[in-house]
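Worksheet for the structure shown next.
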There are 2 protein chains.
Amino acid sequence: MTNKGQILRLLNYKNLLKHLQTLGFKKVFSDNISDTLEISSSLVRKDFGNFGITGNRKGGYEIDSILGKIDDILGKDEIQKVVVIGVGRIGEALMKYQGFMKEGIQIVAGFDIDPSRINTEGNPPVLHNDKIADFIKENDIKICIMTVPQMVAKHTVDLLSATGIGGILNFTPIKFQSTAELTINNINIVHELENLIYVVNKQKDKE
Amino acid sequence: MTNKGQILRLLNYKNLLKHLQTLGFKKVFSDNISDTLEISSSLVRKDFGNFGITGNRKGGYEIDSILGKIDDILGKDEIQKVVVIGVGRIGEALMKYQGFMKEGIQIVAGFDIDPSRINTEGNPPVLHNDKIADFIKENDIKICIMTVPQMVAKHTVDLLSATGIGGILNFTPIKFQSTAELTINNINIVHELENLIYVVNKQKDKE
DNA sequence: TCAATATTGTTAAGTTTTTCACATAAATTT
DNA sequence: AAATTTATGTGAAAAACTTAACAATATTGA
């Protein structure tokens, strides 16, 4: 079974290999990858093995071939359409973030309850919340980013769950559990910052 | 040794306990916590033990007391001053995000190279990049959030490193390694989304 | 007061993840 | 063409993390 760590490592391999590719490299060794990403070379080989990525003994791995395999694993054959629920500052920033496109992710719409934020002619458009269910069904949306205020997070998850959506990337500070039908991954920026503060303060204490 | 997972769990305990506190609860049992957070009760007790949080056999844990201890562990006695490097859409959204304050985190300034974004009278102010080093030293800043474009990420880390800052929360897609002097935690939103897409697609395949 | 009960604290067991170590195989050199 | 070198692929070992189990003990109720 693959776990979250393995997939995130695979994405790191992909980033590194694409970089090496632009530099003109054709081949890579597990040792090169392990040096840059600071993990052991045997973990790189084990990951590759688990994902069915093979190399040549003595010859290393062919970068083009691995990148193709990784895209196969990640299912990058079709563009992934994603919607943003809650177009506050963070939601708007993510809607307009340019980094998704080159990974085959397209933000196709935002939704908000505040009429002043609605802009049906925008690119992507911002529609009213009461269009969420229809839009998700009509456009076969499987993934959304949730950036609503904490107070309405629970209600929003219930609403989304009822639409049959498959995954929510949750930026609210409320931590939600996944179910068999709906995967919810939580990103808590405040916790990430608090964790960093803790580590830095501990480091200072040791000195 | 404490690791990242333990601290993030501690923050989750804190959130839950604060919620229970507002509901009027005085005591909590490890079972209550484990049910809500979907981890085993023995892990809760083990975490508490590791952090020196003790309860009463049969009586459970006193919420007020645990919350005090957690704040001690996290060093919440003084306000943490944080700066934002790179005031694009995401940087600006984080600068104005209201959720940091109640955790004792204050964004005291933003920095950018683009003159049109500079606003020395803002609250918090946005200053020019060439003031970063002086500001960090004069105000004893230990932590920053980095939301610059990918192209200047490496250069920015070098610049920050030279100021003697202790921690960077890095939102650029470049993954940086920590050193003994500088802790860098990486949040890659695109990877988080790609991982979610992978999981949801796999789930669908199984059906 | 004493027995019954419920929950912590902690050790042992179990599980997952990572690393080690080396046999195997391709490439290079002699 | 044989020997040597250098990576992969992988099974075993180690480390890290989580859960189970239960003894110790505080509380409740008879």
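Order of the sequence lines fixes the chain letters, A, B, ..., with proteins taken first and strands second; residue numbering starts at 1 for each chain. All values below come from the heavy atoms of this structure, side chains included, with hydrogens, waters and symmetry mates left out.
Taking atom CG on A:Asn3 and atom P on D:dC17, their separation rounds to 14 Å, with Å as the unit. Rounding to whole angstrom units, CZ of residue A:Phe48 and P of D:dT10 are separated by 14 Å.
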Atom pairs, N/O to N/O, protein against nucleotides 20-22 of chain D, distance under 3.5 Å?
| from | atom 1 | to | atom 2 | distance (Å) |
| --- | --- | --- | --- | --- |
| D:dA20 | N7 | B:Ser42 | OG | 3.2 |
| D:dA21 | N6 | B:Arg45 | NH2 | 3.2 |

Taking only nitrogen or oxygen atoms into account, show me every contact under 3.5 Å that the protein makes with nucleotides 27-30 of chain D, one pair per line with its distance.
| from | atom 1 | to | atom 2 | distance (Å) |
| --- | --- | --- | --- | --- |
| D:dT27 | O2 | B:Lys58 | NZ | 3.4 |

Name each donor-acceptor pair under 3.5 Å that joins a side chain in residues 134-142 of chain A to protein atoms two or more places apart or in another chain, with its distance.
| from | atom 1 | to | atom 2 | distance (Å) |
| --- | --- | --- | --- | --- |
| A:Asn139 | ND2 | A:Phe135 | O | 2.9 |
| A:Asp140 | OD2 | A:Lys142 | NZ | 3.4 |

With a cut-off of 3.5 Å and sequence neighbours excluded, list every side-chain donor-acceptor pair involving residues 91-101 of chain B.
| from | atom 1 | to | atom 2 | distance (Å) |
| --- | --- | --- | --- | --- |
| B:Glu92 | OE2 | B:Lys96 | NZ | 3.0 |
| B:Gln98 | NE2 | B:Lys96 | O | 2.9 |

Residues 7-16 of chain A side chain polar contacts: donor-acceptor under 3.5 Å, at least two apart:
| from | atom 1 | to | atom 2 | distance (Å) |
| --- | --- | --- | --- | --- |
| A:Arg9 | NE | A:Asp47 | OD2 | 2.6 |
| A:Arg9 | NH2 | A:Asp47 | OD1 | 3.0 |
| A:Arg9 | NH2 | A:Asp47 | OD2 | 3.4 |
| A:Asn12 | ND2 | A:Leu8 | O | 3.3 |
| A:Tyr13 | OH | A:Asp47 | OD2 | 2.6 |
| A:Lys14 | NZ | A:Glu103 | OE1 | 2.7 |
| A:Lys14 | NZ | B:Glu194 | OE2 | 3.2 |
| A:Asn15 | ND2 | B:His191 | NE2 | 3.2 |

Using a 3.5 Å cut-off and no angle test, enumerate the donor-acceptor pairs between side-chain atoms of residues 50-74 of chain A and protein atoms at least two apart in sequence or in another chain.
| from | atom 1 | to | atom 2 | distance (Å) |
| --- | --- | --- | --- | --- |
| A:Asp64 | OD1 | A:Gln21 | NE2 | 2.7 |
| A:Lys69 | NZ | A:Gly52 | O | 3.2 |

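Here the range on DNA chain C touched by chain A, meaning any atom under 4.0 Å from one of its heavy atoms, is C:dT17 to C:dA27.
The stretch residues 22-35 of chain B touches DNA chain C through B:Phe29, B:Ser30, each having a heavy atom under 4.0 angstrom from the strand. Residues from residues 60-72 of chain B with heavy atoms under 4.0 angstrom of DNA chain C, sorted by number: B:Gly60, B:Tyr61.
Every pair passing side chain to side chain donor-acceptor pair (under 3.5 Å) that includes a residue from residues 143-171 of chain A is listed here, sequence neighbours excluded: A:Lys154-A:Asp158, A:Asn170-A:Thr172, A:Asn170-A:Asn186.
The side chain to side chain contact (heavy atoms under 4.5 Å, CB included) test applied to A:Thr179 returns A:Glu181, A:Leu182, not counting sequence neighbours. Partners of A:Asn185 by side chain to side chain contact (heavy atoms under 4.5 Å, CB included), not counting sequence neighbours, listed by chain and number: A:Lys4, A:Leu169, A:Thr183, B:Asn195, B:Leu196.
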Under the side-chain contact (heavy atoms from CB on, under 4.5 Å) rule, what do A:Val28 and A:Leu20 come out as? Steps first, then yes or no, please. CA-CA 9 Å; A:Val28 70; A:Leu20 293 176; 3.8 Å; yes
